[in-house]
Amino acid sequence: MFHVLEKRIAAALGSRIQELYGIGTLVQTEQPKQASFGEIAVPAAFQLARELKKAPRAIAQELLAGAGAIEGVAALETAGNGYLNVRLDRGYYGANLLEGAQEDCAARGGKIIVEHTNINPNKAAHIGHLRNAILGDTFVRMLRSTGHQVEVQNYIDNTGVQVADVVVGFLHPEIFLLPEKEQPFDYLCWDLYAAVSSYYEDHKEALEWRRNTLHAIEAGHGAQAEKAHEVSDRIVHAHLATMWRLNVTYDVLPRESEILHLKFWATAFELLRQRKAIYLETDGKNKGCWVMPGSAFREGGGDEGEDSKVIVRSNGTVTYVGKDIAYQLWKFGLLGKDFHYRQWHTYPDGRVVWSTTDEPQEELQRYGRGSKVYNVIDSRQSYLQDVVVAGLRALGFERQADASIHFSYEMVALTPRTCVDLGIQLSDEDKQRTYVEVSGRKGLGVKADDLIDKLTERALEEVTSRHAEEPEESRREAAAKIAVGALRYFMLKYTRNSVIAFDLSEALSFEGETGPYVQYSAVRARNILRKLEERGESLPDFSAELSREAMARQLDNEGCWQLLLAASKAGSAVERAVTSGEPSHVARYAFQLAQSFSNFYHEYPVLTETDREKKTFLLWMTDYFRAQLERTLDVLGIQVPEYM
RNA sequence: GCGCCCGUAGCUCAGUUGGAUAGAGCGUCUGGCUACGAACCAGAAGGUCGGGUGUUCGAAUCACUCCGGGCGCACCA
């Protein structure tokens with residue numbers, strides 16, 4: 001509702017400017033710092049001042065003078081030295097919210113592809129991966145809630161060295177002892193991978209095992225290839241299970257093995273070669289390689305050969321970037337080829353994740369052909385992402401290059417204190433830092449499932465301390481939702497390019513700006529409504545009992561009005577977060593919304609209210625807050641427990 | 001050396017793309033449960049927005065520069 005009015009006001013003033021000065025501009029609106037200034041502020045006069053060579057204040061007055069009435073606006077006034085402030089018609093606003101004024105949610109644009117998670121299928125997921133998945137999944141929810149069609153892809157690199165190293169571990173039990181105790185497969189691989197990696201340090205000759213294994217995997221047969229398949233398949237299932245705990249799901253898993261077997265790369269290579277995006281280097285350190293010149297992806301890349309990027313190695317194998325270019329081309333439907341698809345996994349709610357396969361299937365399924373592609377990838381890979389986009393550009397796919405977005409984010413590191421808690425040895429230098437980088441290769445880091453388990457136990461303690469009478473299963477269910485709320489909110493409250501220094505005790509906190517705080521507000525809103533039923537009363541028919549006049553009367557109360565206004569901004573908050581590509585905006589809004597509700601909760605006793613109209617109004621406010629809280633939490637992928 | 005990111009309250013971070021008196025959470029200090037649940041609320045203290053120069057009606061935000069920190073710059077993924 002709020003952004004409908006924002007747009008309406010911008011449009012009205014835009015045409016007013018057009019008729020007065022003959023200038024077509026996009027009128028910006030903002031929200032005043034102080035509530036006393038009104039609900040919407042328009043700084044347009046400042047922008048016009050330069051062009052018109054007039055004082056902003058005078059322009060604002062001219063704009064105001066002949067402006068006609070705008071639906072839903074009670075008053076326009078000038079303020080400061082050129083602001084136009086808007087006061088909304090409160091009765092109109094409330095009545096429209098009550099009727100659930102349709103947010104214009106018409107499906108828009110083409111399909112958007114979001115690729116996220118992309119964890120190497122060779123070990124358990126850790127907190128760094130969680131940031132990727134939660135960021136990606138939340139962005140998907142944001143897009144879907146604003147009417148976009150989205151396809152979620154999780155790329156599986158099942159033929160890389162990481163998998164090979166774990167296979168090496170399994171095939172050399174005489175060196176890499178498997179632990180006696182039972183533990184999940186992905187945990188076992190975590191240790192195995194670290195062990196193999198560190199073994200290479202002192203036994204360079206062992207790298208030959210890795211090379212052999214890689215060759216076998218590419219060839220696609222033999223014991224090593226079989227083991228590689230087994231490892232990556234089992235790990236992918238483990239990852240899907242971990243992500244499911246966090247309400248993160250996927251539509252399709254494109255796999256590297258099919259990119260190889262279906263010769264996607266060969267097709268891409270032909271394109272790149274024909275259009276001269278890459279060339280065969282005949283000299284220098286890259287002699288014998290197919291390279292992309294540095295000038296393609298770096299500004300002023302002058303030194304030929306010095307900064308060019310190898311796409312095909314001198315031994316004829318393709319690099320990661322090369323495969324990624326082929327994959328990116330496929331995402332846009334530019335390769336002229338497609339995968340076959342088979343059902344890979346069914347979620348507990350019945351939805352199905354599909355995987356690519358190289359064998360034709362009876363059941364036809366189509367993926368790819370997006371009009372816009374978001375790749376959720378660590379900012380450390382921005383250089384490689386630039387090369388991929390440059391590849392598209394060099395092929396002449398300008399539009400698709402522009403529509404390829406590296407949705408980057410900074411890494412998750414650990415605070416030194418948390419390292420100590422986890423028993424990780426630190427150098428004196430590291431102890432002085434504010435954070436320490438995790439390393440999957442060394443086996444340092446916090447496993448995702450361990451963290452979720454820890455959070456769940458913490459939440460269970462809290463729940464049990466308040467609801468010992470409830471059955472354990474029910475308490476566990478609530479605790480799981482709280483844990484997920486805490487974790488998702490924690491990963492989302494930071495802006496994307498801020499490094500998260502992960503602190504265990506901070507993450508385990510459920511007070512202040514946290515997911516559980518927001519969940520708690522929603523629970524309390526529900527409780528009021530439930531208590532109403534328990535008292536033998538029922539929810540009034542709001543639209544019958546609350547006339548526009550009644551709404552205006554009640555909203556004349558400044559406190560109520562400000563609270564309702566804040567609650568009504570959910571749509572515009574998500575909208576803004578989508579355009580700025582910043583999920584943290586939604587998280588921040590959710591927190592503010594919860595704060596507003598807390599204020600409401602303490603300020604206005606609902607059930608004991610004696611004035612009938614006011615009580616009806618307060619019940620409506622409660623229900624509206626509940627709906628907005630649930631809606632916003634849903635965008636964040638956070639559920640509301642029955643009690644907490 | 002080159003490129004990207006960061007520097008805002010004691011700590012961790014926001015700041016609607018250049019706007020009105022710079023905001024939260026944590027921590028500290030004062031108060032508030034006989035419950036629409038205190039995982040909460042009310043209040044207080046706490047700032048030279050890393051330093052400097054510039055751009056203009058107006059700068060935490062843009063440009064230049066210096067200082068401090070991080071991450072990239074493979075025939076690894």
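Only heavy atoms go into these numbers, but all of them, side chains included; no hydrogens, no water, no symmetry mates. Just so it is clear: chains get the letters A, B, ... in the order the sequence lines come, proteins before strands, and each one is counted from 1.
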Problem set entry | Nucleotide B:U17, atom C1' - distance to CD of A:Gln31 in whole Å |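 Distance, rounded to whole Å: 15 Å.
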Problem set entry | Nucleotide B:U16, atom P - distance to CZ of A:Phe2 in whole Å |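 Taking atom P of B:U16 as the reference, CZ of A:Phe2 is at 16 Å.
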Considering only side-chain heavy atoms of [X], which listed nucleotide, [options], is closest?
X	options	result
A:Tyr435	B:C75, B:A42, B:G70	B:G70
A:Arg524	B:A38, B:G72, B:C13	B:A38
A:Ser598	B:C41, B:C5, B:A14	B:C41
A:Arg380	B:C71, B:C41, B:A39	B:C71
A:Met411	B:G70, B:C75, B:C36	B:G70
A:Pro516	B:A77, B:A39, B:C36	B:A39

Enter the distance from [X]:[atom1] to [Y]:[atom2] here, rounded to the nearest 0.5 Å.
X	Y	atom1	atom2	answer
A:Gln639	A:Arg488	CD	CZ	9.5 Å
A:Tyr435	A:Thr415	OH	OG1	12.5 Å
A:His585	A:Thr579	NE2	OG1	8.0 Å
A:Lys569	A:Gln31	NZ	CD	3.5 Å

Problem set entry | Single hit among A:Lys123, A:Arg441, A:Lys442 for side-chain hydrogen bond (donor to acceptor under 3.5 Å, both in side chains) with A:Tyr193 |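 Output: one option passes, namely A:Arg441.
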Exercise. Residues from residues 317-326 of chain A sitting under 4.0 Å of RNA chain B, heavy atoms only?
Worked result: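 RNA chain B contact set from residues 317-326 of chain A: A:Tyr320.
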Exercise. Cation over ring, A:Arg524 on A:Tyr601, under 6.0 Å and within 45°?
Worked result: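 The answer is yes, since A:Arg524 meets both limits relative to A:Tyr601.
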Exercise. Is the NZ or CZ atom of A:Arg466 both under 6.0 Å from the centre of the six-membered ring of A:Tyr643 and within 45° of that ring's axis?
Worked result: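 Judged by the rule (NZ or CZ under 6.0 Å from the ring centre, within 45° of its axis), A:Arg466 is not positioned above A:Tyr643.
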For this session: Only counting residues at least two apart or in another chain, list the ones meeting side-chain hydrogen bond (donor to acceptor under 3.5 Å, both in side chains) with A:Glu511.
Result: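 By the side-chain hydrogen bond (donor to acceptor under 3.5 Å, both in side chains) rule, A:Glu511 matches no residue at all.
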For this session: Between A:Ala459 and A:Glu506, name the one whose nearest nucleotide on RNA chain B is closer to the 5' end.
Result: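 Residue closer to the 5' terminus by nearest nucleotide: A:Glu506.
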For this session: Could you check A:Asp157 against A:Ser382 and say which one's nearest nucleotide on RNA chain B is further toward the 5' end?
Result: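 Whichever sits nearer the 5' end wins; that is A:Ser382.
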Problem set entry | Interatomic distance at C1', B:U56 relative to B:A39, whole Å |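 The same atom, C1', in both gives a distance of 49 Å.
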Problem set entry | Protein proximity profile, nucleotides 20-25 of chain B - base contact B, sugar-phosphate-only contact S, no contact -, cut-off 4.0 Å on heavy atoms | BB--SS
Exercise. Is any side-chain N or O of A:Lys531 closer than 4.0 Å to OP1 or OP2 of B:G37?
Worked result: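 Indeed, a polar side-chain atom of A:Lys531 lies that close.
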Exercise. Are A:Tyr409 and A:Tyr494 close enough that their ring centers fall under 6.0 Å?
Worked result: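 No, they do not, as the ring centres are separated by 6.0 Å or more.
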